[in-house]
J.: 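Here it is, the structure, as structure tokens.
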Amino acid sequence: EALTKIAELERKHNVKVISTNEPIDLDTSDPDVFMKRAFDYLIANRELLTIRNRTRQGIRNAKENGRHLGKAPFGYRNLKNSCNGCTIEIDESQSFIIEKIFRDYELGVPPNLIHKSIISLGFKNTGNSTIRNILENCVYAGLTKVPAYKNLPEKYVKAQHLPIISEIDFWRVQKLLNN
């Protein structure tokens, strides 16, 4: 694709495209130049794929070790420079709302009524699936979801952060949600 795009640019704009490691007087119509460029691009693409695989594996390893990656969900806050590798901690000013959401749902309160009741408590998230997204988030039970990767299955592991709700309550709610 890169070689085709270069040829198209050269024809369309009447220019000679060369890379920084090629001489200015390079004959871009030479078949050997085409072969060298094709080989260089294949090597570069192989490196890109290797980096992507290493990144995916690194993310999976971090999650398998119970690390939360990314922005902390409502009820938690991100830690900076933590010494134990834990990246989030409970935000006491918000965690009681998470507890209420799970408790009310287990008692049979519909999600739309739960949402209305927590707005007055300082909950600002909106949307039809906001409550369901919270109820499905294993982070609140002190778990980390490790996605499937190649031949390795998806799994849940004990997280490094503290839970807001019990794991038993989380799985009970998952059963109610038919998850």
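Quick caveat, the model's predicted, so the values are computed rather than measured.
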J.: Which atom pair, heavy atoms only, marks the closest approach of L26 to V33?
T.: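 Here L26 and V33 meet closest at CD1-CG2, 3.6 Å.
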J.: As an exercise, state the distance from CZ of R54 to CD of E47, rounded to the nearest 0.5 Å.
T.: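 The distance works out to 6.0 Å.
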J.: Is it true that a side-chain atom of Q160 and a backbone atom of T87 form a donor plus acceptor pair closer than 3.5 Å?
T.: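 Not a single qualifying donor-acceptor pair exists.
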J.: Tell me if the CD atom of E154 is crowded by more than 12 foreign heavy atoms within 6.0 Å.
T.: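 Yes.
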J.: Is the count of non-hydrogen atoms from other residues, nucleotides or ligands lying under 6.0 Å from Y41 atom OH greater than 12?
T.: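 Above 12, so yes.
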J.: Quick check: does any side chain N or O of H115 sit under 3.5 Å from a backbone N or O of N125, one acting as donor and the other as acceptor?
T.: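 Here the side-chain-to-backbone pair exists.
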J.: As an exercise, state the distance from CD1 of I119 to CD1 of I114, rounded to the nearest 0.5 Å.
T.: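 Result: 12.5 Å between the selected atoms.
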J.: Indicate yes or no: at least one non-hydrogen side-chain atom of I90 is less than 4.5 angstrom from one of Y76.
T.: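 I90 reaches Y76 side chain to side chain.
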J.: Below 6.0 angstrom between ring centroids: does that apply to F170 and Y140?
T.: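 Distance test on ring centres: not under 6.0 Å, no.
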J.: Run the numbers on R77 and E89 for salt bridge (Lys or Arg N to Asp or Glu O under 4.0 Å), then give the verdict.
T.: CA-CA 6 Å; R77 66 177 157 254; E89 70 179 355; 2.8 Å; yes
J.: Taking all non-hydrogen atoms of both residues, which atom of G142 and which atom of P163 are closest, and how far apart?
T.: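 Closest approach of G142 to P163, heavy atoms only: N-CB, 3.5 Å.
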J.: Hey, are D32 and K36 close enough for a salt bridge, meaning a charged N less than 4.0 Å from a carboxylate O?
T.: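 The answer is no: the pair does not qualify as a salt bridge.
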J.: Give a yes or no on whether L143 and L152 share a hydrophobic cluster (residues Ile, Leu, Val, Met, Phe, Trp, Tyr; joining criterion: side-chain heavy atoms under 4.5 Å apart).
T.: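 No, separate clusters.
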J.: Determine whether L69 and V157 fall in the same hydrophobic cluster, where Ile, Leu, Val, Met, Phe, Trp and Tyr are linked whenever their side-chain heavy atoms lie under 4.5 Å apart.
T.: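 Different clusters: L69 never reaches V157 through Ile, Leu, Val, Met, Phe, Trp or Tyr contacts under 4.5 Å.
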J.: Hydrophobic clusters here meaning ILVMFWY residues chained together by side-chain heavy-atom distances under 4.5 Å, can you tell me if I88 and V146 are in one?
T.: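 No, I88 and V146 fall in different hydrophobic clusters.
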J.: Answer yes or no: are there more than 12 heavy-atom neighbours, outside L107 itself, under 6.0 Å from its atom CG?
T.: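 Buried by this count: over 12 neighbours within 6.0 Å.
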J.: Answer with yes or no whether the hydrophobic clustering places L121 together with Y105; edges join I, L, V, M, F, W, Y residues whose side-chain heavy atoms lie under 4.5 Å apart.
T.: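 Same hydrophobic cluster.
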J.: Is it true that, when you exclude N128 itself, more than 12 heavy atoms of the residues, nucleotides or ligands shown sit nearer than 6.0 Å to its CG?
T.: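 No, because the 6.0 Å sphere around CG of N128 holds 12 heavy atoms or fewer from other groups.
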J.: Report the distance from atom CD1 of I59 to atom CD of E64, rounding to the nearest 0.5 Å.
T.: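 Here the rounded value is 12.5 Å.
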J.: Looking at N53 and Y149, what are the two nearest heavy atoms and their distance?
T.: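 Closest approach of N53 to Y149: O-OH, 3.5 Å.
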J.: Counting only heavy atoms not in N112, do more than 12 sit closer than 6.0 Å to its CG atom?
T.: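 Counting other residues, nucleotides and ligands, CG of N112 exceeds 12 neighbours.
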J.: Which heavy atom in T144 sits nearest to a heavy atom in K63, and how many Å separate them?
T.: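 So the two residues come closest at CG2-O, 3.6 Å.
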J.: Minimum heavy-atom separation for A141 to E167, with atom names?
T.: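 Taking every non-hydrogen atom into account, CB-CA, 4.0 Å.
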J.: Hey, what do you get for CG (D40) to CG (N21), rounding to the nearest 0.5 Å?
T.: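 Separation between the atoms: 6.5 Å.
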J.: Measure across P73 and V139 and return the closest heavy-atom pair with its distance rounded to 0.1 Å.
T.: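 Heavy atoms only, the tightest pair is CG-CG1, 3.9 Å.
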J.: State yes or no: do I131 and L113 share one hydrophobic cluster built from I, L, V, M, F, W and Y residues joined by side-chain heavy-atom distances below 4.5 Å, directly or via other members?
T.: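 Yes, same cluster.
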J.: Enter the distance from E1:CD to E8:CD here, rounded to the nearest 0.5 Å.
T.: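 Separation between the atoms: 11.5 Å.
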J.: Measure from the side-chain N and O atoms of E10 to the backbone N and O of K5, and report whether any donor-acceptor pair falls under 3.5 Å.
T.: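 A pair under 3.5 Å: no.
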J.: Could you go step by step and tell me if R132 and E136 meet the salt bridge (Lys or Arg N to Asp or Glu O under 4.0 Å) rule?
T.: CA-CA 6 Å; R132 186 174 182 95; E136 291 177 339; 2.9 Å; yes
J.: Would you say the side chain of R37 lies within less than 4.5 Å of the side chain of I18, judging by non-hydrogen atoms?
T.: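 I18 reaches R37 side chain to side chain.
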J.: Passes side-chain contact (heavy atoms from CB on, under 4.5 Å), V17 versus T28? Steps please.
T.: CA-CA 8 Å; V17 177; T28 58; over 6 Å; no
J.: Please confirm whether the backbone N or O of G70 pairs with a side-chain atom of N78, one donor and one acceptor, at under 3.5 Å?
T.: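 It does hold such a pair.
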J.: To the nearest 0.5 Å, what is the distance between CD1 (I164) and CZ (F102)?
T.: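 CZ of F102 is found 9.0 Å from CD1 of I164.
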J.: Donor-acceptor pair, H13 side chain versus K16 backbone, under 3.5 Å?
T.: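 The answer is no, because no donor-acceptor pair under 3.5 Å joins these two groups.
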